[in-house]
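What you see below is based on every heavy atom in this structure, not just the backbone, and it leaves out hydrogens, waters and symmetry mates.
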Amino acid sequence: MGIWADSKGGGGNGGKNSWSFLTRRKRVDSAVESNSHGQLAKELTVPHLMAIGVGATIGAGVYVLVGTVAREHSGPALPLSFLVAGFAAALSALCYAELASRCPSAGSAYHYSYICVGEGVAWLIGWALILEYTIGGAAVARGITPNLAAIIGGAENLPSFLSWHRIAGTDIVLDPCSAIIIFIITGLLCTGIKESTAVQSVITTVNICALIFVIIAGGYLGFKSGWVGYELPTGYFPFGVDGMLAGSATVFFAFIGFDAVASTAEEVKNPQRDLPLGIGASLLLCCGLYMLVSIVIVGLVPYYAISADTPISSAFADNGMQWAGYVINAGAFTALCASLLGGILPQPRILMAMARDGLLPPFFSDINKRSQVPVKSTIVTGLVAAALAFSMEVSELAGMVSVGTLLAFTVVAISVLILRYIPPNEIPLAPSVLEPFVSASAQYSWSRLEANEDTKAHAGTSESTKPEVDKEDVPIHPLIAKDTIIGNYVHEGNRRKVIGWAIAFTCLGVFILTFAASNKTINSPIRFSLCGIGGTLLLSGFVFLNCMDQDDARHNFGHSGGFICPFVPLLPIACILINSYLLINLGAATWARVSIWLAIGVVVYVFYGRSHSTLKEAVYVPATQLVDDTYHT
């Protein structure tokens, strides 16, 4: 069998067209195979992953979010808002779990999209995640100073080198405390993944203990006072079911953080088993804590009387337990520290993954031989985050954090659909690596041809005595469709192309539907028409994919034996729909800021990443032929 090769290296290097570089896809284990810059230490197990996931997820937001959402959206139905949001987050978590166990390398959503979708989308996801973790880390660090001040009795008790300083004549407020804490965490991350996760485990445990205290002590106060918050004439849904769902959309962002677990995939001892368990257990624990805390708080105080700024400590103070504020402030402080550590941890690994692929300078891909972590990338990440936290009020930019996360969630769900229905069937090889395969393949093909001719010569006339077999009588079981009507139009020759367009039109339908449903400024007839078009595309794509059999090649794609996402295609499409809705509702101002960052990313990719990509000269070989030729040689 000869090797059929197709060059997709863009930039005029033999690609099919001038834009083919955007669809270049890498191998699953390309990062592990190219270990010239060192390898990460495999030290993590399920408890470590849970510490990372819970620490990155439960920030100080839960200490504030319950008050805002209860007052403005959910009322006593706040626990249901957390439940619905947790269910929506679980959809993305299940998609992450499958891809993390199949493709266990650093880079998280960037890595998955590079394997399943292509280099162009992967670059945008990686670039958006860089923005997310940088601004997210700076925003979290900026909130540490007031919490530290609350613990020691007020901002006036802070030492001068830790307190805020306003620059005269400007609105700039310097925050040296946040920068110092980022430097400490950066140094900790540089010591090694085992050491940093050990500290993360301790900090996260303290935070969880504080929340358990809130649940137990608050439950005692609730039974003592009679749960006055649930005995209101407005009932459990004062803002209606719509208000409860609106609250779910707000608290959904409190579940973001489990993607940090996926970014450490290359450092997990048993990724096929531990990564899905770590992601699932983290999300389940966070959802349980959120719901129990919200049950207690909305029961202690009527929802309209809950403090928007300090809902938990105020609820305890109203019930005569003022001293509980110290425990709650300590919990909020440790929650911020754990969230900061979990937020800075993934970024160096994403920078490292992008540098390995040639999309960023090789400086970022270096791994320290002693600590076995990307020290240079970690230091750069810490310096940038510290500079932002020290000199800028980044709370206005916090919405930009959500864009990177939701884009990553959406692309991960799309990647699951691609992996199941049209998994990549070509392997990129460097020309130097391809030559031995071509030579061996030619030898094997020639010897097999000679053997066939000898067989025919010895057979003589005996072939004419063999009964002819009608080809129509041979049973053929092509991988086409469960539905015979669709099977009449889809065959093995066009299957991959048709399904690819079906997935694309499904995503287009989701975008049209969510855009029209969210934009109330559009005239009603046009809006309803767009909703109808989008809904039709979405429903048609779902029905079509549901009628098609999934590709058998998915069983051998990546590392088999790990977690399998259930309810495909329903679950990934629902995930795409939810995340797209949240993306569109982030607001025009947020998208304007993000567009500037993405435009900068496009320039960097065009002038550096595209021409330095490790796949620039790659030749794509059908996986089946490569495996067959490797076996015979």
Side-chain angles (χ1 to χ4, degrees), residues 19 21-22 107-110 113-114 117-143 170-173 175 178-179 182 253 256 259 343-344 346-348 350-351 353-355 357 359-361 363-364 377 380-412 414 507 511 514-515 518-519 521 579-613:
W19 297 99
F21 59 87
L22 294 175
S108 187
Y110 159 79
S113 57
Y114 206 161
V117 184
E119 186 174 287
V121 172
W123 167 264
L124 287 179
I125 294 299
W127 192 251
L129 289 176
I130 291 174
L131 177 70
E132 171 197 341
Y133 291 123
T134 302
I135 293 182
V140 169
R142 193 83 177 184
T170 67
D171 293 331
I172 299 175
V173 178
D175 188 355
S178 63
I182 290 178
F253 299 102
I256 292 174
D259 52 327
I344 294 179
Q347 171 140 331
I350 292 175
L351 292 173
M354 297 176 74
D357 297 327
L359 304 184
L360 289 177
F363 169 85
F364 294 103
S377 296
V380 170
T381 298
L383 288 175
V384 174
L388 287 175
F390 175 71
S391 59
M392 293 179 60
E393 179 55 61
V394 293
S395 59
E396 295 181 359
L397 306 179
M400 298 171 67
V401 174
S402 304
V403 173
T405 301
L406 294 175
L407 282 176
F409 286 4
T410 303
V411 172
V412 165
I414 295 173
C507 295
F511 173 77
T514 53
F515 175 78
S518 303
N519 196 336
T521 60
N579 292 321
S580 299
Y581 175 79
L582 295 173
L583 274 170
I584 290 176
N585 281 276
L586 287 176
T590 297
W591 274 108
R593 298 187 186 104
V594 172
S595 297
I596 296 174
W597 175 254
L598 294 180
I600 295 172
V602 170
V603 173
V604 174
Y605 175 71
V606 169
F607 289 99
Y608 183 87
R610 183 175 69 94
S611 58
H612 289 79
S613 172

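For the atom pair Y110 OH and W123 CH2, the distance stands at 8.5 Å (nearest 0.5 Å). Distance check: D175 CG to F390 CZ gives 8.5 Å after rounding to the nearest 0.5 Å. In this structure, CG on D357 lies 8.0 Å from CD on E119, to the nearest 0.5 angstrom. With rounding to the nearest 0.5 Å, the separation of OG in S377 from CE in M354 is 11.0 Å. Between the CZ atom in F364 and the CG atom in L351 there is a gap of 6.0 Å [rounded to 0.5 Å]. Between atom OG of residue S518 and atom CG of residue N585 there is a gap of 4.0 Å, rounded to the nearest 0.5 Å.
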Check against side-chain contact (heavy atoms from CB on, under 4.5 Å), W597 and V403: CA-CA 11 Å; W597 175 254; V403 173; over 6 Å; no

side-chain contact (heavy atoms from CB on, under 4.5 Å) assessment of L124 paired with Y605: CA-CA 9 Å; L124 287 179; Y605 175 71; over 6 Å; no

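Heavy atoms only, all atoms of each residue included: L129 and A408 are closest at CD2-CB, 4.1 Å. Minimum interatomic distance between A179 and A386 (heavy atoms only, all atoms of both residues): CB-O, 3.9 Å. A385 and A138 get closest at one heavy-atom pair: O-CB, 3.8 Å. Counting all heavy atoms, side chain and backbone alike, L359 lies closest to Y608 at O-CD2, 3.5 Å. Nearest heavy-atom pair, I182 versus A389, reported as atom, atom and distance to 0.1 Å: CD1-CB, 3.9 Å. The minimum heavy-atom distance linking S391 with I172 is given by the pair O-CG2, 3.4 Å.
Contact of the I344 side chain with the Y133 side chain is not registered, since no non-hydrogen atoms from C-beta on lie closer than 4.5 Å. Side-chain contact check for L582 versus S402: every heavy-atom pair is 4.5 Å or farther apart. The shortest distance between side-chain heavy atoms of V173 and R142 falls below 4.5 Å. Looking at V380 and F363, their side chains come closer than 4.5 Å, going by heavy atoms from C-beta outward. Contact of the L586 side chain with the L406 side chain is registered, since non-hydrogen atoms from C-beta on lie closer than 4.5 Å.
A donor and an acceptor atom, one from each side chain of Q347 and T134, are located under 3.5 Å apart. Counted by atom type alone, D259 and S108 present zero donor-acceptor pairs between their side chains at under 3.5 Å.
Cation-pi geometry between R610 and F21 is met: the NZ or CZ atom falls under 6.0 Å from the ring centre, inside 45° of the normal.
A donor-acceptor pair under 3.5 Å is absent between the side-chain atoms of W127 and the main chain of A599, judged by distance alone.
The one candidate from V412, V411, T405 that meets the side-chain contact (heavy atoms from CB on, under 4.5 Å) condition with F409 is T405.
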